[in-house]
**Student:** 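Can you read through this structure? Questions will come right after.
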2 protein chains.
Amino acid sequence: MRPNNYFIEYIRSAGLCPTRQRIALAKLLFQGDDRHVTAEELYNEALSEKMKVSLATVYNTLHQFTEAGMLREISVDTNRSYFDTNTRKHHHFYFEKDGKLGDIPDGMISIGKLPEAPNGTKIKCIDVVVTITDSNNDY
Amino acid sequence: MRPNNYFIEYIRSAGLCPTRQRIALAKLLFQGDDRHVTAEELYNEALSEKMKVSLATVYNTLHQFTEAGMLREISVDTNRSYFDTNTRKHHHFYFEKDGKLGDIPDGMISIGKLPEAPNGTKIKCIDVVVTITDSNNDY
DNA sequence: GTCAATGTTTAGAATAGTTCTAAATTACAT
DNA sequence: ATGTAATTTAGAACTATTCTAAACATTGAC
C-alpha cells in the first residue's frame, strides 16, 4: 500500500498540481498491478469508492496523465479509448467478447526493418494488437 | 475501367443484392488502387459525384462489405472507423497529422511466436500500426 | 495564517461519429 | 406485372467525448 505522498510526488514530478481528484485517480490507477481502463470504467470505480469527482475531470486527468507520460492511450476499438498504466514497450491482446485488454510482454513480438519515415516526420509509436474471438465464432 | 457487370457480380458473389447504391459505392471503392476510407469520406465522394445515397446507407454498405470479406475495418483512431479495400495480410502506417493511412507490405513486419489463445478462443487478427508524427513535434 | 492570482473542477450543454426506426422504395421470383 | 422480402432513407436517438463559463481549490508572497 503506497503512501499518499507517493502519489503526490508522482503527480508533482509530472508537472501537475496534486489536487484531491488527481491524487484519488492516481491511487486507483497506480496502486496495484498494471491496468487497462476506459474513462467510464475509472469513473464508475471512483463513484463506487464514494469519491467526489466528475466524469469531465476523469477525462481531463486521463489526458493530462497521458501527456505527462504516466499513461499510454490505446486504440483497439473505435467506440472507446483505453488507457494503459504500463508505459513500457509492449503490445496487446484484445478480447473482443468482453472488451478487455491484456499485455503481450516485449520480446514476444519483434518488428523487422521498416521503411523510413518520410522527410520531416518520425515514427511516434508501434502498436500491435492481437484480437481474440470465441473459436465458435466462425465464418 | 472495369465494367458495371464486374461490380454486380462481385456484390452478388458476396451474397448481397446488387442495388444501385451498393454498385455505385463498390465502384468508388474497388475501381482503382487500394484505398483506406472513412464513412464520411466515402459519403462526400459519392455526393460530389452526384450519386443519390444516404449516409446511413454508406454505413450499412461498409459494414455489409466488411462482413462479406470485401473490406477490412481498421482501428487507429478512436474518433472514426477506417475501411481498407486491401483484405490481404498487411499492416499500416498512420499519419497522425492528416489522419491518413498507408500500407506496410507483408514481409516488412514479422511477428514472433505468440502465447496460445486461451481455451475456447482463437486469434482473429493481428494488426500492426506504425504511427508517424511531425519530427518537430517533440516532447 | 491571509490574500490574490492562477489553475482546476464541475454540471450541463454541445459535438461528432455512428446506429436505430419505421415509412417509403426497390429488387426479383413467380 | 405482382407480391413479398430486402433495401434505403430522413431524421431521431445514442454514445463517447469535449467544451464552456461559473464555482472552487491550490500555491506562493507576504
Side-chain angles (χ1 to χ4, degrees), chain A residues 4-5 7-28 36-47 50-68 70-71 73-83 99 101, chain B residues 4-5 7-28 36-47 50-68 70-71 73-83 99 101:
Chain A
N4 234 340
N5 237 332
F7 299 107
I8 292 176
E9 269 322 303
Y10 190 28
I11 291 167
R12 213 190 292 279
S13 72
L16 295 166
C17 273
T19 64
R20 184 174 49 76
Q21 291 85 339
R22 300 212 264 235
I23 298 165
L25 293 173
K27 268 188 203 175
L28 291 180
H36 304 97
V37 296
T38 65
E40 210 75 31
E41 274 167 20
L42 187 62
Y43 176 59
N44 287 326
E45 214 172 297
L47 289 192
K50 309 269 186 271
M51 290 174 183
K52 223 187 127 293
V53 65
S54 71
L55 181 56
T57 296
V58 172
Y59 274 102
N60 289 337
T61 303
L62 286 171
H63 286 135
Q64 290 151 355
F65 284 5
T66 302
E67 284 271 295
M70 298 158 71
L71 294 174
E73 190 172 355
I74 300 168
S75 285
V76 278
D77 176 344
T78 2
N79 298 321
R80 67 194 116 268
S81 276
Y82 288 81
F83 294 86
L101 284 174
Chain B
N4 234 344
N5 236 333
F7 299 105
I8 292 176
E9 267 324 302
Y10 190 28
I11 292 166
R12 213 189 291 278
S13 72
L16 295 166
C17 271
T19 64
R20 183 173 52 75
Q21 291 87 337
R22 299 213 264 234
I23 297 166
L25 293 172
K27 267 189 205 176
L28 291 180
H36 304 98
V37 296
T38 64
E40 210 77 30
E41 275 168 19
L42 187 61
Y43 176 59
N44 287 325
E45 214 172 297
L47 288 193
K50 310 269 186 273
M51 290 174 183
K52 223 185 130 295
V53 65
S54 71
L55 181 57
T57 297
V58 172
Y59 274 100
N60 288 339
T61 303
L62 285 171
H63 286 134
Q64 290 150 354
F65 284 5
T66 302
E67 284 272 295
M70 298 158 72
L71 294 173
E73 190 171 355
I74 301 170
S75 285
V76 278
D77 176 344
T78 4
N79 299 320
R80 63 193 117 270
S81 277
Y82 288 80
F83 294 86
L101 285 173

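None of the values given here were measured: they were computed from a predicted structure. Just so it is clear: chains get the letters A, B, ... in the order the sequence lines come, proteins before strands, and each one is counted from 1.
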**Student:** Report the distance from atom CG of B:Leu16 to atom P of C:dA27, rounded to the nearest whole Å.
**Tutor:** 14 Å
**Student:** Is the shortest heavy-atom distance from the side chain of A:Val76 to the side chain of A:Tyr82 under 4.5 Å?
**Tutor:** yes
**Student:** For A:Glu41 and A:Thr38, run side-chain contact (heavy atoms from CB on, under 4.5 Å): C-alpha distance rounded to whole Å, both residues' side-chain angles, the deciding distance at 0.1 Å, then the answer.
**Tutor:** CA-CA 5 Å; A:Glu41 274 167 20; A:Thr38 65; 3.3 Å; yes
**Student:** Send over the distance from B:Glu40 CD to C:dT19 C1', rounded to a whole Å.
**Tutor:** 14 Å
**Student:** Please walk me through it: do A:Ser81 and B:Thr78 pass side-chain hydrogen bond (donor to acceptor under 3.5 Å, both in side chains)?
**Tutor:** CA-CA 6 Å; A:Ser81 276; B:Thr78 4; 3.2 Å; yes
**Student:** Stepwise, does the side-chain contact (heavy atoms from CB on, under 4.5 Å) test hold for A:Arg22 with A:Gln64?
**Tutor:** CA-CA 10 Å; A:Arg22 300 212 264 235; A:Gln64 290 151 355; 2.9 Å; yes
**Student:** Would you please test B:Asn4 and B:Lys27 for side-chain contact (heavy atoms from CB on, under 4.5 Å) and show each step?
**Tutor:** CA-CA 8 Å; B:Asn4 234 344; B:Lys27 267 189 205 176; 2.9 Å; yes
**Student:** Roughly, in whole Å, what's the span from CD in B:Glu67 to P in C:dT19?
**Tutor:** 12 Å
**Student:** Expected output is a numbered-order residue list: members of residues 75-83 of chain B with a heavy atom under 4.0 Å from any atom of DNA chain C. What is it?
**Tutor:** B:Asn79, B:Arg80, B:Ser81
**Student:** Check the pair A:Lys52, A:Gln21 against side-chain contact (heavy atoms from CB on, under 4.5 Å), reporting the backbone distance first and the verdict last.
**Tutor:** CA-CA 8 Å; A:Lys52 223 187 127 293; A:Gln21 291 85 339; over 6 Å; no
**Student:** With a 4.5 Å limit on heavy-atom distance, are the side chains of A:Arg20 and A:Met51 in contact?
**Tutor:** no
**Student:** How long is the gap from CZ on B:Phe83 to CG on B:Leu71, to the nearest 0.5 Å?
**Tutor:** 7.5 Å
**Student:** With a 4.0 Å limit, can you tell me whether B:Tyr59 has a side-chain N or O closer than that to the phosphate oxygens OP1/OP2 of C:dT18?
**Tutor:** yes
**Student:** Just the rounded figure in Å: distance from P of C:dG7 to CD1 of A:Ile11.
**Tutor:** 18 Å
**Student:** Can you check nucleotides 8-14 of chain D for protein contacts, nitrogen or oxygen pairs under 3.5 Å, and list what you find?
**Tutor:**
| unit_1 | atom_1 | unit_2 | atom_2 | d |
| --- | --- | --- | --- | --- |
| D:dT8 | OP1 | B:Thr19 | OG1 | 2.4 |
| D:dT8 | O3' | B:Gln21 | NE2 | 2.6 |
| D:dT9 | OP1 | B:Gln21 | NE2 | 3.2 |
| D:dT9 | OP1 | B:Lys52 | O | 3.3 |
| D:dT9 | OP2 | B:Ser54 | N | 2.9 |
| D:dT9 | OP2 | B:Ser54 | OG | 3.2 |
| D:dT9 | OP2 | B:Thr57 | OG1 | 2.6 |

**Student:** For A:Glu73 and D:dA16, give me the distance from atom CD to atom C1', rounded to whole Å.
**Tutor:** 12 Å
**Student:** May I have the distance from B:Ile23 (atom CD1) to C:dC28 (atom C1'), rounded to whole angstrom?
**Tutor:** 13 Å
**Student:** For B:Asn44 and C:dA16, what is the distance between atoms CG and C1' respectively, to the nearest whole Å?
**Tutor:** 14 Å
**Student:** Within the structure, does a side-chain N or O atom of A:His63 lie under 4.0 Å from either OP1 or OP2 of D:dT17?
**Tutor:** no
**Student:** With the side chain counted from C-beta on, respond yes when A:Leu16 and A:Phe65 share a heavy-atom pair under 4.5 Å apart, and no when they do not.
**Tutor:** yes
